[in-house]
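All remarks here apply to the structure that follows.
Please read these numbers as outputs of a predicted model, since none were measured by experiment. Start at 1 and go down the list; that is how both ligands and their atoms are numbered.
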Amino acid sequence: MEVKIGSSVLELIQGDITQQDTEAIVNAANRTLLGGGGVDGAIHRAAGPELLAECRTLGGCETGDAVITKGCKLKARYVIHTVGPVYRGASPSTEGLLKSAYQRSLEVARAKGVRSVAFPSISTGAYGYPLEEAAPVALRTVIGFVQRYPEIERVRFVLRSSRAFRTFEEALGRITSEGS
Ligand code: AR6
């Protein structure tokens, strides 16, 4: 599924983020930046040990913030590492941190002149954020950003499971129909 947001494109696909050819891919990391399971493990395996070596020099990352490294062996030139919140029930502060993880990732991309970014669904694995709650937050944040900064030409959400894909598809359908 693909929609136009001004001159930019927002895409949803089902797949593996490590295989994406966007200029940057986003990692759903933890505050140590020293690796983990899920997307984080997959990205480190595909990028090779040089990625962990660079992450070690960064001194971690706060929840809701993002940092950028090289893509090493990946097709993507950069990896943007962001840390989403651990979900302990719906609250404005948890939602704000999820929003911030997407926002800061795009700010870091823009600062490097990156024009295309692929995101996983941050916080919806080990960190337990329900997909139905996370999808509209993720989509609205990205849409708001590219409306302001059309130099980000393409944002692709790469959803691992068919359930995640369908949930994002339904949320995007609801958001786009609000405007018409
Ligand atoms: N491509 C795209 N999406 C994926 C992939 C992949 N290769 N693999 C998993 N997902 P998670 P979190 C989906 O747990 O919830 C790590 O250990 C997965 O189905 O990777 O932010 C970190 O080090 C889920 O929907 O990230 C942290 O400790 C989504 O990616 C912690 O997990 C996010 O799941 C971060 O937890």
Side-chain angles (χ1 to χ4, degrees), residues 1 10-49 51-56 58-69 71-76 78-91 93-106 108-109 116-139 141-142 154-172:
M1 181 181 188
L10 174 60
E11 265 184 277
L12 307 182
I13 67 161
Q14 192 181 340
D16 178 356
I17 197 147
T18 65
Q19 300 307 310
Q20 303 307 310
D21 59 1
T22 45
E23 278 180 80
I25 65 169
V26 176
N27 181 16
N30 58 61
R31 287 187 299 164
T32 69
L33 299 180
L34 298 181
V39 185
D40 199 2
I43 289 176
H44 276 276
R45 275 193 300 279
L51 182 63
L52 183 59
E54 187 175 354
C55 285
R56 282 192 201 286
L58 298 173
C61 178
E62 290 304 317
T63 303
D65 202 358
V67 294
I68 192 162
T69 64
C72 306
K73 290 188 185 152
L74 295 165
K75 288 183 199 156
Y78 298 106
V79 178
I80 296 167
H81 306 261
T82 190
V83 184
V86 176
Y87 188 85
R88 297 194 182 87
S91 79
S93 67
T94 306
E95 184 177 321
L97 287 167
L98 185 63
K99 194 173 168 175
S100 175
Y102 283 99
Q103 174 94 16
R104 287 289 305 133
S105 296
L106 290 168
V108 163
S116 58
V117 182
F119 279 101
S121 174
I122 298 164
S123 283
T124 59
Y127 283 0
Y129 212 117
L131 271 169
E132 290 69 18
E133 287 178 42
V137 175
L139 290 164
T141 307
V142 166
R154 181 173 292 268
V155 176
R156 180 181 298 158
F157 280 94
V158 183
L159 292 323
R160 195 77 186 113
S161 66
S162 55
R163 189 171 90 81
F165 178 76
R166 279 198 311 274
T167 306
F168 270 71
E169 202 176 36
E170 282 164 21
L172 184 56

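- Residues Asn27 and Val39 are in side-chain contact: their nearest non-hydrogen atoms beyond the backbone lie under 4.5 Å apart.
- The contact set between ligand 1 and Gly36, taken as ligand atoms under 4.0 Å from a residue heavy atom, comprises 17 (O), 23 (O).
- Taking every non-hydrogen atom of Ser121 and a distance limit under 4.0 Å, the qualifying atoms of ligand 1 come out as 29 (C), 33 (C).
- Salt bridge present: Arg104 and Asp65 bring a charged side-chain N and a carboxylate O closer than 4.0 Å.
- With hydrogens left out, the protein atom closest to atom 24 (C) of ligand 1 is Thr124 OG1, 3.6 Å, a heavy atom.
- Atoms of ligand 1 lying under 4.0 Å from at least one heavy atom of Gly38, given by number and element, are 20 (O).
- Not a single heavy atom of Ser161 sits closer than 4.0 Å to an atom of ligand 1.
- Using a 4.0 Å cut-off to heavy atoms of Val158, the atoms of ligand 1 that qualify are 2 (C), 3 (N).
- One N or O on the side chain of Ser100 and one on the backbone of Gly64 form a donor-acceptor pair closer than 3.5 Å.
- Protein heavy atoms all stay at least 4.0 Å away from atom 18 (C) of ligand 1.
- Residue, atom and distance of the protein heavy atom nearest to atom 31 (C) of ligand 1 are Tyr127 CE1, 3.5 Å.
- Below 3.5 Å of separation, one finds an N or O of Gly125 facing an N or O of ligand 1.
- A 4.5 Å side-chain heavy-atom check between Glu23 and Ser116 finds at least one atom pair inside the cut-off.
- At under 3.5 Å, a nitrogen or oxygen of Gly37, whether backbone or side chain, sits near a nitrogen or oxygen of ligand 1.
- No side-chain donor-acceptor contact under 3.5 Å links Arg160 to the backbone of Gln14.
- Using modelled atom types, no side-chain atom of Lys73 and backbone atom of Gly48 make a donor-acceptor pair closer than 3.5 Å.
- Centroid-to-centroid, the aromatic rings of Tyr127 and Tyr87 stay 6.0 Å apart or farther.
- In this structure, of Ile43, Asn30, Val83, the residue bringing a heavy atom nearest to atom 28 (O) of ligand 1 is Asn30.
- If you check which protein heavy atom lies closest to atom 1 (N) of ligand 1, you get Ile17 N, 3.0 Å.
- Every atom of ligand 1 with a heavy atom of Asp16 under 4.0 Å away is listed here by number and element: 1 (N), 6 (C), 7 (N).
- Counting protein heavy atoms only, atom 21 (O) of ligand 1 is closest to Ser123 N, 2.8 Å.
- Looking from atom 6 (C) of ligand 1 to the surrounding protein, the closest heavy atom is Arg160 CD, 3.4 Å.
- Residue Ala28 has at least one heavy-atom neighbour below 4.0 Å for each of these atoms of ligand 1: 21 (O), 22 (C), 26 (O), 35 (C).
- For Ala126, a nitrogen or oxygen atom sits less than 3.5 Å from a nitrogen or oxygen atom of ligand 1, counting backbone and side chain alike.
- Heavy-atom contacts of Asp40 reach the following atoms of ligand 1: 22 (C), 23 (O) (cutoff under 4.0 Å).
- Between Phe119 and Phe157, the two ring planes are parallel [angle under 30°; tilted spans 30° to 60°].
- Within the listing of ligand 1, atoms 3 (N), 4 (C), 5 (C), 8 (N), 9 (C), 10 (N), 13 (C), 20 (O), 30 (O) sit less than 4.0 angstrom from a heavy atom of Val39.
- Two residues are said to be in side-chain contact when any heavy atoms from C-beta on lie closer than 4.5 Å; Pro85 and Leu98 meet this criterion.
- Closest approach of Val83 to Ala101, counting heavy atoms only: O-CB, 4.1 Å.
- Taking OG1 of Thr82 as the start and CG of Asn30 as the end, the distance is 11.5 Å to the nearest 0.5 Å.
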